[in-house]
Amino acid sequence: MAKRTVLSSEDINRSLKRISHEIIEATSGSTDLVVLGIPTRGVALAKRIADNLSELTPANPVTFGTLDVTLYRDDEVSASRRPYQTDTPIAGIDNKIVILVDDVLYSGRTVRAALDAL
């Protein structure tokens with residue numbers, strides 16, 4: 001099977017900047033954004049998005065953190081593949097707009113587990 005590049009690094013950067021702009025538009029430039037990355041690869045994407053948001057709206061600080069949903073999953077097989085990672089402590093999410101970031105969207109199980117974790 002031949003390797004095929006779907007998105008170049010420039011394409012990924014452009015996509016993440018576009019996502020960041022859309023978050024700002026959808027939240028009307030809210031000052032209460034919390035960006036949470038789901039380990040493992042969702043953390044790197046979330047950090048890049050949070051950095052973009054902070055750069056685009058320097059007056060509105062963006063809270064960045066991680067949220068490991070391993071203990072909240074309903075499929076034990078996936079949950080046991082890697083050790084639990086400690087979440088980044090954040091002040092709270094009450095009255096905040098929370099952006100969950102993961103690298104794969106398939107069945108929705110991870111998102112549901114993240115909502116349970118929150």
Side-chain angles (χ1 to χ4, degrees):
M1 185 183 221
K3 288 186 177 181
R4 186 181 107 188
T5 301
V6 178
L7 292 173
S8 69
S9 103
E10 185 178 301
D11 293 334
I12 292 170
N13 285 335
R14 187 173 38 255
S15 295
L16 292 175
K17 285 199 181 280
R18 181 178 212 151
I19 289 169
S20 301
H21 279 282
E22 293 196 18
I23 289 171
I24 290 170
E25 289 173 18
T27 62
S28 301
S30 176
T31 59
D32 296 322
L33 288 180
V34 176
V35 179
L36 297 176
I38 299 173
T40 56
R41 291 178 299 266
V43 174
L45 291 172
K47 178 67 174 136
R48 289 173 71 178
I49 290 170
D51 289 345
N52 286 342
L53 291 169
S54 293
E55 183 180 304
L56 292 167
T57 59
N60 300 339
V62 175
T63 303
F64 166 76
T66 62
L67 179 66
D68 193 334
V69 299
T70 302
L71 301 177
Y72 297 90
R73 293 187 64 91
D74 62 0
D75 55 340
E76 293 178 24
V77 174
S78 293
S80 64
R81 289 188 189 150
R82 64 174 181 73
Y84 180 78
Q85 296 182 6
T86 305
D87 298 334
T88 304
I90 54 173
I93 60 169
D94 292 341
N95 301 315
K96 305 272 184 175
I97 297 172
V98 178
I99 312 291
L100 294 171
V101 181
D102 198 8
D103 65 326
V104 175
L105 298 174
Y106 182 63
S107 66
R109 289 178 124 155
T110 302
V111 173
R112 193 190 67 160
L115 292 174
D116 288 345
L118 290 174

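Keep in mind that what you see is a predicted model, and the values were worked out from it rather than measured.
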Could I get the full list of side chain to side chain donor-acceptor pair (under 3.5 Å) partners for [X], not counting sequence neighbours?
{"X": "Ser9", "value": "none"}
{"X": "Lys47", "value": "Asp51"}
{"X": "Thr110", "value": "Arg73"}
{"X": "Asn52", "value": "Ser20"}

Do [X] and [Y] come within less than 4.5 Å of each other through their side chains, counting heavy atoms only?
{"X": "Thr63", "Y": "Val35", "result": "no"}
{"X": "Ile38", "Y": "Val101", "result": "no"}
{"X": "Val6", "Y": "Arg4", "result": "yes"}

With hydrophobic residues grouped by side-chain heavy-atom distances under 4.5 Å, do [X] and [Y] end up in a single group?
{"X": "Ile99", "Y": "Val111", "value": "no"}
{"X": "Ile93", "Y": "Ile49", "value": "no"}
{"X": "Leu105", "Y": "Ile19", "value": "no"}

Apply side-chain contact (heavy atoms from CB on, under 4.5 Å) to the pair Leu45 and Leu16, showing each step before the final yes or no.
CA-CA 8 Å; Leu45 291 172; Leu16 292 175; 4.1 Å; yes
Residues that Glu25 engages under salt bridge (Lys or Arg N to Asp or Glu O under 4.0 Å), provided they are two or more places apart:
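Glu25 satisfies salt bridge (Lys or Arg N to Asp or Glu O under 4.0 Å) with no other residue.
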Could you tell me which residues satisfy salt bridge (Lys or Arg N to Asp or Glu O under 4.0 Å) with Lys96, sequence neighbours excluded, listed by chain and number?
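With sequence neighbours excluded, Lys96 shows a salt bridge (Lys or Arg N to Asp or Glu O under 4.0 Å) to no residue whatsoever.
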Apart from Met1 itself, residues in the same hydrophobic cluster as defined by side-chain heavy atoms under 4.5 Å:
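None; Met1 is a cluster of one.
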Can you list, by chain and residue number, the hydrophobic cluster partners of Val104 when the side-chain cut-off is 4.5 Å?
Tyr106
List in chain and number order the residues that pass side-chain contact (heavy atoms from CB on, under 4.5 Å) with Ile24, two or more places apart in sequence or in another chain; answer none if no residue qualifies.
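Ile24 satisfies side-chain contact (heavy atoms from CB on, under 4.5 Å) with Leu53, Leu56, Thr57 only.
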Output all residues satisfying side-chain contact (heavy atoms from CB on, under 4.5 Å) with Thr27, sequence neighbours left out; order by chain, then residue number.
Ile23, Ser30, Leu33, Ile97
Could you report the tightest heavy-atom contact between [X] and [Y], atom names first, then the distance?
{"X": "Val34", "Y": "Gly92", "value": "CG2-O, 4.5 Å"}
{"X": "Val69", "Y": "Ala114", "value": "CG1-CA, 3.3 Å"}
{"X": "Pro61", "Y": "Ala59", "value": "CD-O, 3.4 Å"}
{"X": "Gly37", "Y": "Ala46", "value": "CA-CB, 3.4 Å"}

Summary of salt bridge (Lys or Arg N to Asp or Glu O under 4.0 Å) pairs that have at least one residue in residues 28-45, sequence neighbours excluded
Arg41-Asp103
Tell me the salt bridge (Lys or Arg N to Asp or Glu O under 4.0 Å) pairs involving residues 108-118, sequence neighbours left out?
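Every pair satisfying salt bridge (Lys or Arg N to Asp or Glu O under 4.0 Å) with a residue in residues 108-118: Asp74-Arg109, Asp74-Arg112.
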Point-to-point distance, once rounded to the nearest 0.5 Å, from OH of Tyr72 to CG of Leu118:
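One finds 9.0 Å between OH of Tyr72 and CG of Leu118.
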How far does CD of Glu55 sit from NZ of Lys17, to the nearest 0.5 angstrom?
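The NZ atom of Lys17 is 4.5 Å from CD of Glu55, to the nearest 0.5 Å.
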